[in-house]
Every structure is written in C-alpha cells, then in structure tokens.
Protein chains: 2
Amino acid sequence: MTKANQQYAENLQLELRRGVIVLAVLSQLRQTHYGYSLRQALVDKGFDVNEGTLYPLLRRLESQGLLNSEWDLEEGGRPRRYYTLSEAGQAILTDLKAEWKYLGVVMDGLLVDDK
Amino acid sequence: MTKANQQYAENLQLELRRGVIVLAVLSQLRQTHYGYSLRQALVDKGFDVNEGTLYPLLRRLESQGLLNSEWDLEEGGRPRRYYTLSEAGQAILTDLKAEWKYLGVVMDGLLVDDK
DNA sequence: CATTATACATTGCATCACATAGTATTGTCA
DNA sequence: TGACAATACTATGTGATGCAATGTATAATG
C-alpha cells in the first residue's frame, strides 16, 4: 500500500466515523456530562473524538435546542459546562438510533459475500 | 417535533449515511458496474444515493487509483463508463469493512441501555 | 409526439471534522 | 520549588465532500 493510498484509507476511515459522532455524543448524554468527561467516556469506550470537534459540536447541538447546558463554577475547580439532553434531543436520539439500526441492516445486505 | 427540529434530524441522518457511501459503493463494485446500474443496485438494496453524489464520487475514486474504468460505446446504446475495483481498491474495501465492523461493536457499546 | 427512463457531467453552496493554537488552573514529581 | 502533564474550554482557518440544480443527449413508452 503506497503512502498516497494510506492517506486515502485514513481519510475514508475518518469519513466513516464522521457521521456517527453526533449519535455517539447523544448516546452518552443520556447521563449528564461536561465536555471533558464526555470525551473521556467516549475514548474509554473506543470512540476517539478530537477536542476541536467535540466542543464546537456541543455548542452547535445546544444552539439547535438538542442539549441544555449549565456552568458549574465551583470554587477551587476549573469551570465546567454541564450538558444534558433536551426533550428534542431525546427525540433526535431515538430517530438516529433507528436510522443507525436500519443502516446496519442495509450494509449487511451490501457486504454479503455472495458467490 | 418542530420544523427546525425536523430539519436538524434530516441533516443528521444525511451525515450518518455520508461516511458509509464509499463503503457501499466499493462493496457493490466487487462486480463490474456502470454508474447508473450501480445506483440502481444500491437503491434496490435500500441505499439511496444521489446522482450528483455518485458520479463525482466514482471519478474521485478512480483518480485515487481505487477504481479502474472503461467506456463502452456500443452502437445503438448510450455510452457507459464501466468501473471495477483495482487492487488498491480491494485493499481499501477490506480496510473499511474492518473499520465498519469495529464501529458497529463500539456503537453497540455506546448505545446499551445501561442501568 | 410528448413524457419518462437511461446515462453522465458540472457548478455552487453549505456543512462540518480536524489541526492548530491559545488561555488558565490544578496536580505530579523530581 | 519549578517544570511538565492533565484538566477544561475557546477560536480560527482549511479542506473534504454531499447535494441540489441544471444541462446534454439518446432510447423507450404511451
């Protein structure tokens, strides 16, 4: 595999993960998290997310009304912004889960080693 | 669900499918196809792809050396460009299949209804 | 003879992940 | 004590890419 091909492969793997990020994030926000702890939870479970991806994503989802957030300015600690799913966010999560499941079935059909 | 939320939901579903498109395309090109027949094969199996997505995608994959193509200029027929997987394309397909499988496992872990 | 299906191409727009860099505090370890 | 890593969040620019829209042209269908 040439260097160029390796580059293409990495790129395609990134694309593959790209679409799933929101689903991954929403799934974990069934429990309250702040950005950093959310990232750790995802990484721990095998889903690596860049900080430069996650933080803006959370702000975007909040601006779309899918998340609620609240600052925690505890004394003697760094300020944390806690996120939870809004009702709309829960509805979207349900949608995306269904779509994900459907996609799995479709892809299984496409990837069958026929003949 | 408000109109805005419906918009977000559609958008996120598009994103979800986005990353998988290349994998879907490569999977079907284990058999030779031209663009139009490839699109039909995908749609038939539940994977809807836009023409404006598919045709440029095929050109791009070819330019990256993952596909080979050949015009068929049969008399009394519309010209068709037939695509097949190159060796590099087959390698990438194998990679992506593995990544897809891994992603499935990870997502299953994330989506578990714990508690 | 008009409409639909086939077959491919192109352009501009909008979305979005990531790399990178920056700020600031807390903890660790030599 | 002083350097470095970890914590926690923000901001910006770039590149990749899907899609809607539009165009071209031929064949089939009614």
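FYI, side chains are in, hydrogens and waters are out, and symmetry mates aren't considered; it's all heavy atoms of this structure. Since this is a predicted model, take the numbers as computed values, not measurements. Here is the naming used below: chain letters follow the sequence lines, and residue numbers restart at 1 for every chain.
- Distances shorter than 4.0 Å separate none of the side-chain N or O atoms of Asn11(B) from OP1 or OP2 on dC19(D).
- Residues of residues 59-72 of chain B having a heavy atom closer than 4.0 Å to DNA chain D, listed by number: Arg60(B).
- Toward the 5' end of DNA chain D, the nearer of the two residues Leu12(A) and Pro79(A), judged by each one's closest nucleotide, is Pro79(A).
- The distance between atom NE2 of His33(A) and atom C1' of dA8(D), rounded to the nearest whole Å, is 15 Å.
- Note on residues 54-65 of chain B: pairs passing salt bridge (Lys or Arg N to Asp or Glu O under 4.0 Å), not counting sequence neighbours, are Glu62(B)-Arg81(B).
- With sequence neighbours left out, Gln28(A) forms a side-chain hydrogen bond (donor to acceptor under 3.5 Å, both in side chains) with Lys45(A).
- Per the geometry, CG belonging to Leu57(B) stands 15 Å off C1' belonging to dT10(C), to the nearest Å.
- Applying the ring pair (Phe, Tyr, Trp, His ring centres under 6.0 Å) test to residues at least two apart or on different chains, none of the pairs has a partner in residues 43-62 of chain B.
- Nucleic acid contact for Leu14(B): sugar-phosphate only, since backbone atoms but no base atoms lie under 4.0 Å from a heavy atom of the residue.
- Applying the ring pair (Phe, Tyr, Trp, His ring centres under 6.0 Å) criterion to Tyr34(A), with sequence neighbours excluded, gives Tyr82(A).
- Between the CD atom of Glu10(A) and the P atom of dA16(D) there is a distance of 14 Å, rounded to whole Å.
- Judged as a salt bridge (charged side-chain N to carboxylate O under 4.0 Å, His left out), and not counting sequence neighbours, the contacts of Lys97(A) are Asp113(B).
- Rounded to an integer number of Å, the gap from Tyr55(B) OH to dC8(C) C1' is 5 Å.
- Atom CD of Gln13(A) is separated from atom P of dC18(C) by 13 Å (rounded to the nearest Å).
- Partners of Glu15(B) by side-chain hydrogen bond (donor to acceptor under 3.5 Å, both in side chains), not counting sequence neighbours, listed by chain and number: Arg18(A).
- Residue Pro56(A) is classed as having no contact, given no heavy-atom separation below 4.0 Å to the nucleic acid.
- Among residues two or more places apart in sequence or in another chain, the ring pair (Phe, Tyr, Trp, His ring centres under 6.0 Å) test is passed with Tyr102(B) by none.
- Other residues, nucleotides and ligands contribute at most 12 non-hydrogen atoms within 6.0 Å of the CD atom of Glu70(B).
- Put simply, the side chain of Arg30(A) gets close to the backbone of Ser27(A): a donor and an acceptor are under 3.5 Å apart.
- With sequence neighbours excluded, the residues satisfying side-chain contact (heavy atoms from CB on, under 4.5 Å) with Pro79(B) are Trp71(B), Leu73(B).
- For Asn68(B), the side-chain contact (heavy atoms from CB on, under 4.5 Å) partners at least two apart in sequence or on another chain are Thr84(B), Ser86(B).
- Atoms CZ (Arg81(B)) and P (dC8(C)) sit 9 Å apart, rounded to a whole Å.
- If you measure from atom OH of Tyr83(A) to atom P of dC9(D), you get 7 Å, rounded to the nearest angstrom.
- Within 6.0 Å of atom CD in Glu87(B), 12 or fewer heavy atoms from other residues, nucleotides or ligands are found, so the atom counts as exposed in its surroundings.
- In this structure, Ser37(A) and Arg18(A) both approach DNA chain D, and ranking their closest nucleotides by distance from the 5' end singles out Ser37(A).
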What are the atom names and distances for every N/O pair under 3.5 Å that joins the protein to nucleotides 4-6 of chain C?
from	atom 1	to	atom 2	distance (Å)
dT6(C)	OP2	Tyr36(B)	OH	2.7
dT6(C)	O5'	Tyr36(B)	OH	3.4
dT6(C)	O3'	Arg78(B)	NH1	3.4
dT6(C)	O2	Arg78(B)	NE	2.8

Output a table of nitrogen or oxygen pairs between the protein and nucleotides 20-22 of chain C separated by less than 3.5 Å.
none

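- One atom, CD of Glu15(B), and another, C1' of dA14(C), lie 11 Å apart when rounded to the nearest Å.
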